[in-house]
Amino acid sequence: MRFLVRLWEYRHPRAWVRARFACGIFNLGLGVLLLSLGYWREASYCYWLGAVPLVGAALIFWTCYRLQHSALS
């Protein structure tokens with residue numbers, strides 16, 4: 001968790017959760033867009049390129065979840 005969340009992010013965790021959530025939504029949209037391009041163009045590299053932002057979005061959402069629960073406790 002120390003690798004993903006910096007110490008200065010614990011001062012205003014709600015603001016950072018909102019910022020990270022917005023970044024996660026952007027990554028999710030980018031991943032879905034790349035996956036749909038791979039489907040329509042039948043390009044196999046778009047599937048791999050689409051998987052990278054989706055994994056990043058999952059990591060961002062998990063970090064948001066952990067940061068929010070650590071702020072509440």
Side-chain angles (χ1 to χ4, degrees):
M1 196 66 184
R2 286 184 184 178
F3 180 70
L4 298 173
V5 179
R6 305 291 176 226
L7 289 176
W8 45 270
E9 290 183 30
Y10 285 107
R11 291 184 188 168
H12 303 286
R14 288 190 177 130
W16 286 107
V17 165
R18 289 183 195 125
R20 285 180 181 258
F21 193 75
C23 293
I25 289 174
F26 175 77
N27 278 347
L28 185 65
L30 183 65
V32 168
L33 177 71
L34 287 173
L35 284 176
S36 68
L37 283 176
Y39 176 75
W40 289 107
R41 294 188 180 187
E42 297 179 5
S44 62
Y45 65 89
C46 283
Y47 292 124
W48 292 106
L49 286 176
V52 172
L54 291 177
V55 170
L59 183 63
I60 289 171
F61 289 138
W62 177 76
T63 307
C64 286
Y65 174 77
R66 294 289 306 240
L67 184 60
Q68 186 175 14
H69 282 292
S70 69
L72 292 177
S73 60

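Every value quoted in this text rests on a predicted model; they were computed, and no experiment measured them.
Counting non-hydrogen atoms of other residues, nucleotides and ligands closer than 6.0 Å to CZ of F21 gives a total of 12 or fewer.
Closest approach of F61 to I25, counting heavy atoms only: CZ-N, 3.8 Å. Residues L59 and T63 come closest through the heavy atom pair O-OG1, 2.8 Å. Between G24 and A57, the closest heavy-atom pair is O-CB, 3.7 Å.
Here the rule is side-chain contact (heavy atoms from CB on, under 4.5 Å) with L28, and of L33, I60, L54 only L54 fits it.
Atoms CZ and CG, on R20 and N27 in that order, are 11.5 Å from each other to the nearest 0.5 Å.
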